[in-house]
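Report on the structure given below.
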Amino acid sequence: MSPWRTVEAMEAGRETTGMMKVDSLASISEAEDLDLTRLLDRPRLRIERKSSFDERSFSDHLVPGILQAVDSHDSMMTLGGIKSALDSPASWAQNSFEPHPMVAEAWDALQRSIVLFRGQPVGTIAAYDHASEEVLNYDQVFVRDFVPSALAFLMNGEPEIVKNFLMKTVYLQGWEKRVDRFKLGQGVMPASFKVTHDPKRKTDNLVADFGESAIGRVAPVDSGFWWIILLRAYTKSTGDLTLAESTDCQRGMRLILALCLSEGFDTFPTLLCADGCSMVDRRLGVYGYPIEIQALFFMTLRCALSMLKQDAEGKEFIERIVKRLHALSYHMRSYFWLDFQQLNVIYRYKTEEYSHTAVNKFNVIPDSIPDWIFDFMPTRGGYFIGNVSPARMDFRWFALGNCIAILSSLATPEQASAIMDLLEERWEELVGEMPLKIAYPALESHEWRIVTGCDPKNTRWSYHNGGSWPVLLWLFTAACIKTGRPQIARRAIDLAESRLSKDGWPEYYDGKLGRYIGKQARKFQTWSISGYLVAKMLLEDPSHLGMISLEEDKAMKPPIKRSSSWSA
Ligand code: GLC
């Protein structure tokens with residue numbers, strides 16, 4: 001008997017779910033987020049409870065002196081992004097009033113994926129693929145996979161399951177975690193959990209995986225980040241501050257932060273990781289400082305800043321976060337950013353420079369620049385590259401990290417527009433026939449052998465190695481709306497609508513253009529389903545964006561203007 005208990009339909013009248021959208025409950029209006037600098041006048045480290053949920057400027061908490069070097073900077077990104085999105089009736093009209101038939105189908109499938117624990121919905125199963133014989137761990141609730149499901153439920157006015165999920169996972173965080181004889185950090189959140197049913201005792205139990213059962217035995221660095229991001233989304237959507245302010249959630253946040261803010265031998269503010277510690281959960285040469293983790297880290301710090309209480313323990317973390325955010329944004333915007341101009345600078349780099357005057361700080365050898373990048377880089381556009389560490393720049397494009405950079409405002413407004421320009425200019429490569437390419441380009445031949453360790457699942461243009469993942473559609477749509485280009489999201493959604501349901505909601509597609517259903521792709525992959533729903537709901541009502549987007553903090557300036565700083 002399957003230990004899994006799912007519900008066929010949660011509520012009567014579920015057929016109408018496609019149209020069951022309720023107004024966003026966001027208690028904190030989008031407009032409130034927009035000028036973070038207004039908060040500068042508030043007394044430092046003393047923000048009233050109600051306002052504790054605004055996106056406070058780092059400078060609210062700043063240790064005097066830190067911001068002094070920062071000039072004023074006029075943002076190109078005002079309400080413009082969202083306003084212009086709202087003002088383009090042509091783009092909305094097509095999908096506003098008549099839901100696509102796939103929407104109702106997606107809601108039904110999402111409902112079927114709900115997992116109950118002692119009668120309460122606590123998450124969604126990764127894939128509900130009856131046809132597949134190989135279940136592996138797709139019968140579990142993955143923390144990262146649940147995020148788009150959670151957003152769909154929140155946008156639909158069903159916050160209960162999200163609250164239960166947040167509470168269950170923070171409870172699991174408290175478990176003692178071991179890999180062989182080694183004890184993992186207290187703050188580690190599970191990659192996934194499962195509900196098992198004990199028929200004798202007639203009760204449900206939880207089993208969690210913190211990496212000790214995962215392929216490669218890597219702890220999921222992204223789980224804790226997603227948990228904090230989701231806690232903010234829940235709070236923002238419902239206006240219910242009690243969950244984020246509860247002792248359990250405050251402790252949960254601090255434990256996660258303690259892991260990633262700890263002092264060590266680091267010389268960079270970025271977070272050092274092993275391969276396979278996030279969505280790309282197999283070896284793919286993303287060890288070091290992968291963009292996905294750095295962008296999520298940045299977003300997490302900003303979300304935590306808005307939710308941590310100003311008590312003795314909270315204050316200490318707030319101060320650390322503020323310092324880290326300044327260093328992290330400087331580092332990312334300076335060293336991870338690549339556009340035509342910067343590529344030309346790197347191409348002409350001198351090597352073996354020593355001391356503080358070095359331009360090529362990481363001693364990247366220009367010969368290591370891959371050929372493809374010279375053709376790929378458009379004159380207009382740019383992006384955060386995959387990884388930067390000593391003598392190493394991974395020039396690959398990773399969609400998730402770049403979308404999160406836009407949503408968290410790690411990308412300056414100019415950088416956010418440049419990322420969108422790149423997506424438009426390189427549509428065929430990065431979107432192709434099925435949105436969205438997880439990474440570009442694929443590793444092939446010798447490089448694939450060396451970098452993936454001959455991974456048969458990650459062959460070229462398949463799975464993580466240049467495959468196309470429909471789940472990324474929600475992140476892409478959110479980024480499009482934030483940058484005022486909803487029509488691009490519409491184009492991508494049209495592509496997805498032409499195939500996703502017909503193909504049985506696959507986990508991923510293969511091929512240069514993403515034309516083939518992935519070799520080992522699960523069908524009815526929940527996050528492909530919920531990702532589509534979230535994308536649709538975001539387009540329909542862009543005010544949902546506030547749940548997963550943070551406006552620019554004007555106190556955090558880009559270090560120097562690119563044109564003047566790099567062409568020396
Ligand atoms: C695969 C993906 C991972 C996802 C899991 C469950 O392992 O790489 O990101 O969380 O499947 O869908």
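Counting starts at 1 for both ligands and their atoms, following the listed order.
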Hey, are [Y] and [X] close enough side-chain-wise for a donor-acceptor pair under 3.5 Å?
| X | Y | result |
| --- | --- | --- |
| S462 | D510 | yes |
| E105 | W505 | yes |
| Y509 | E433 | no |

So F336 and H331, would you call those rings parallel, tilted or perpendicular, with 30° and 60° as cut-offs?
tilted
Hey, is CZ on R460 packed in by over 12 heavy atoms from elsewhere, all under 6.0 Å?
no
So, is [X] polar-close to ligand 1, with some N/O to N/O distance under 3.5 Å?
| X | result |
| --- | --- |
| S278 | no |
| M279 | yes |
| W469 | no |

Heavy atom of [X] under 4.0 Å from ligand 1?
| X | answer |
| --- | --- |
| Q525 | yes |
| Q140 | no |
| R522 | no |

Go through ligand 1 atom by atom and flag the ones less than 4.0 Å from a non-hydrogen atom of E507.
1 (C), 11 (O)
What residue and atom, counting heavy atoms only, is the protein's closest point to atom 7 (O) of ligand 1, and at what distance?
D281 OD2, 2.6 Å
When distances are taken from atom 4 (C) of ligand 1, the protein heavy atom at minimum range is D145 OD1, 3.5 Å
Run the ring-centre check on W527 versus F142 and record whether the distance is less than 6.0 Å.
no
Just checking Y463 against W469, ring centres under 6.0 Å apart?
yes
If you measure from atom 1 (C) of ligand 1 to every heavy atom of W527, F142, Y463, which option wins on shortest distance?
Y463
Taking NZ, NE, NH1 and NH2 as the nitrogens, is one of them in E497 or R490 under 4.0 Å from a carboxylate oxygen of the other?
yes
Is the contact between H464 and ligand 1 made by the side chain, the backbone, both, or neither, using heavy atoms and a 4.0 Å cut-off?
side chain
